[in-house]
Amino acid sequence: MSREQWGTRWGFIMAAVGSAIGLGNIWRFPYVAYKNGGGAFMIPYLFAILTTGISFVAFEFILGKKYRGSAPLTYFRVNEKMEFVGWWQFLISFIIMTYYAIILAWTLNYIGFSLNLAWGEDTNAFFFNSFLKVSSGASVSNFGNIVWQVLIPLLVVWLTTLSVVYKGVKKGIEAVNKFALPTLVILFIIFVIRAVTLPGATSGLNAFFEPSWSSLGKPSVWISAYSQIFYSLSLAMGIMITYSSYLPPKMDTTNNAFITAFSNSGFELLSGIGIFAALGFMAAKSGIAIGDLASGGIGLAFVVLPQIINQLPLPQLFGSLFFLCLLIAGITSLISLMEVCISAASEKFDWSRQRTVVIVGSLTTLMSALYTTNGGMYLLDVVDNFINNFAILPGAVVEIVLIYWVYKKFQELRDEANKYSQIKLGTYWNLTLGIITPLVLAIILASSLIANIKTTYGDYPQSFVAVFGWGMVILLPILAFLISKIPWKNPEMAKQIIEGEDDLG
Ligand code: PFF
């Protein structure tokens, strides 16, 4: 059986960039940058890209290309004992998917709401009470009822995503990304141009770019920069490994890593400009200080932006444009998370792609329905916080330390990458990946552990955080280890790397 392959290099790049550009770029980056020193944040941010981001993408690209497997299979081929790392990343992708899809379901609704500004004047009350019907408090045993208004668009999001991966790498994932990503960039540029030409935009941009140099002395600022890079580049979650496992053998991976990292950051910067220009406009209109308006995540997209949209000429157009951008950016990331799970399960159990899509797809759809309940919003908040702080980063440390220090595969990977890439990886790559990256990640992890272990996250009951926060995070590596003990259904296939064909342009 031959392995699926991308049709063109461009198609692969579009898919990798499509995965990287997601909610993280549009709603996370602008706020993270603003909060952590504004213009001065560019220094730790660039530093993080140069010392970790690009090196890590290049690392995952060459890893996937060389071993040609899903994440668990790739690590299994590095060393059998490493398979569990792949399942750990599989489970992380799986969990993230279950709530990432929910946010896209809200987004889909909001495209509709923009058409008649259904959110009214009090966008906060509309979002939490009228739309999500959030219950009064979080509880482990009582999630309330399903909110149909969320469940139905959720099913649409899943059907769309699953039908793309069902069609396969070239006809599904590549075809969609080749169309979706350029469309996103064009639409988003229109959004940004509209935003920067609004009255008051300059004050927003000034607030965003104004450097607070003293922030450079704060460790938390450097930590935020590294975390943002990991999140935004979809690293250490099996995604880039899976995507690059469909590359032909002679493909240049290092150049592709540079292209992916810079495109992602370019988009991020654009988003910071667009969002803060819009905030500047709102501040001028309402008299509220930008610092009080600025927020990230759910509050920004579903509460503050609708308020801004209300104030604009042609609000329906601007509103649907923004939410459409968010939807496209998110769907292409969701597809990549799904492909991690599809490729891993189909190789492990020797199922066809189609069968795997039905099985894994049903599971994720069912699990994500839990977030469509009245208590779903609380669950989403806790799971998101814990998975980002305590699951992705330890997984990354284990991945790099095992491959670099324990199984000592770096030289081999470097030689392989250099054989086909214009940009050569040298000592710098070893230094940044083998030493700087694990060290920085360990520091980030330790500091967020110290900050979080003493306090209960949010205003939630302790039992809620214990089960869905700490409990979930601890369960994942254990479950991953158990899955890795199940034998490969087709052990011959697992051991033998199928050579790809070099028919790419
Ligand atoms: N890189 C994408 C984003 O920035 O939204 C996808 C993603 C990766 C989302 C990792 C969440 C995550 F934890």
Side-chain angles (χ1 to χ4, degrees), residues 14-33 45 48-49 52-53 56-57 60 71 88-104 106-107 157 161 173 177 180-181 184 188 224-243 257 260-272 275 296-298 300-301 325-341 364 368 371 380-396 399 441 444 448 472-473 476:
M14 287 298 99
V17 177
S19 168
I21 295 180
L23 302 178
N25 299 58
I26 299 183
W27 80 18
R28 199 173 186 276
F29 174 78
Y31 187 58
V32 168
Y45 177 76
I49 295 177
T52 283
F56 213 102
V57 182
E60 292 208 331
W88 194 4
Q89 297 181 346
F90 164 99
L91 291 169
I92 294 173
S93 293
F94 187 92
I95 304 268
I96 290 185
M97 250 194 323
T98 58
Y99 70 83
Y100 211 79
I102 291 285
I103 299 170
L104 298 183
W106 299 345
T107 308
V157 168
T161 307
I173 303 174
N177 274 292
L181 203 72
L184 171 67
F188 202 69
S224 299
Y226 275 88
S227 305
Q228 176 63 23
I229 288 297
F230 260 83
Y231 188 98
S232 184
L233 282 173
S234 304
L235 292 174
M237 291 168 52
I239 296 179
M240 294 309 183
I241 293 179
T242 308
Y243 270 9
T260 306
F262 284 127
S263 313
N264 180 60
S265 291
F267 194 94
E268 227 151 48
L269 204 60
L270 201 63
S271 164
I275 297 286
I298 292 169
L300 173 73
C325 286
L326 202 58
L327 185 71
I328 302 176
I331 280 273
T332 49
S333 299
L334 186 63
I335 290 171
S336 70
L337 289 158
M338 184 53 101
E339 183 58 20
V340 169
C341 299
T364 42
S368 66
Y371 302 90
L380 192 154
D381 182 40
V382 170
V383 171
D384 178 54
N385 176 69
F386 277 81
I387 208 135
N388 283 314
N389 284 316
F390 305 113
I392 302 179
L393 297 184
E399 169 181 342
L441 293 181
I444 296 182
S448 40
M472 181 259 314
V473 162
L476 296 186

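Because the structure is predicted, anything quoted here is derived from the model rather than measured. Both counts, for ligands and for their atoms, begin at 1 and track the order of listing.
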Discussion item. Leu23 versus ligand 1: do any nitrogen or oxygen atoms come within less than 3.5 Å of each other?
Written reply: yes
Worksheet item: Just by distance, do the side chain of Gln228 and the backbone of Val32 share a donor-acceptor pair under 3.5 Å?
Response: no
Worksheet item: Is there a donor-acceptor contact under 3.5 Å linking the side chains of Tyr45 and Ser265?
Response: yes
Worksheet item: Quick one: nearest non-hydrogen protein atom to atom 12 (C) of ligand 1, plus distance?
Response: Tyr231 CE1, 3.6 Å
Item to complete: Tell me which protein heavy atom sits closest to atom 10 (C) of ligand 1, plus the residue, atom name and distance to 0.1 Å.
Response: Met237 SD, 3.3 Å
Worksheet item: If you count the atoms of ligand 1 from 1 in the order shown, which ones are under 4.0 Å from a heavy atom of Ser19?
Response: 1 (N), 2 (C), 6 (C)
Worksheet item: Would Ser234 and Ser19 count as having a side-chain donor-acceptor pair, cut-off 3.5 Å?
Response: yes
Worksheet item: Taking distance alone, with no angle check, do Ala20 and ligand 1 share an N/O pair under 3.5 Å?
Response: yes
Practice prompt. Indicate whether the side chain of Ser448 and that of Asn389 have a donor and an acceptor atom separated by less than 3.5 Å.
Written response: no
Fill in: Min heavy-atom dist Tyr100 to ligand 1 below 4.0 Å
yes
Worksheet item: Where do Phe230 and Phe56 land on the ring-ring contact (aromatic ring centres under 6.0 Å, His included) test, with the steps shown first?
Response: CA-CA 9 Å; Phe230 260 83; Phe56 213 102; 5.1 Å; yes
Discussion item. Under a 4.0 angstrom heavy-atom cut-off, which atoms of ligand 1 come close to Ser234?
Written reply: 1 (N), 2 (C), 6 (C), 8 (C)
Worksheet item: Going by the atom numbers of ligand 1, which of them fall below 4.0 Å from some non-hydrogen atom of Asn388?
Response: 13 (F)
Worksheet item: For the residue pair Phe386 and Phe390, does the interplanar ring angle fall in the parallel (under 30°), tilted (30 to 60°) or perpendicular (over 60°) class?
Response: tilted
Worksheet item: If we ignore angles and hydrogens, is there a donor and acceptor under 3.5 Å between the side chains of Tyr231 and Asn388?
Response: no
Item to complete: Using distance alone, decide if ligand 1 has a nitrogen or oxygen within less than 3.5 Å of any nitrogen or oxygen in Ser333.
Response: no
Worksheet entry | Minimum non-hydrogen distance to atom 4 (O) of ligand 1, winning option of Ser336, Gly330, Gly24 | Gly24
Worksheet entry | Per-atom contacts, ligand 1 versus Ile392 - under 4.0 Å to a heavy atom | 13 (F)
Worksheet, complete the sentence: Going by the 4.0 angstrom heavy-atom rule, the piece of Ile21 near ligand 1 is neither
Practice prompt. Begin with the C-alpha distance, continue with both residues' side-chain angles, and end with the deciding distance and a verdict on side-chain contact (heavy atoms from CB on, under 4.5 Å) for Leu380 and Ile103.
Written response: CA-CA 9 Å; Leu380 192 154; Ile103 299 170; 4.2 Å; yes
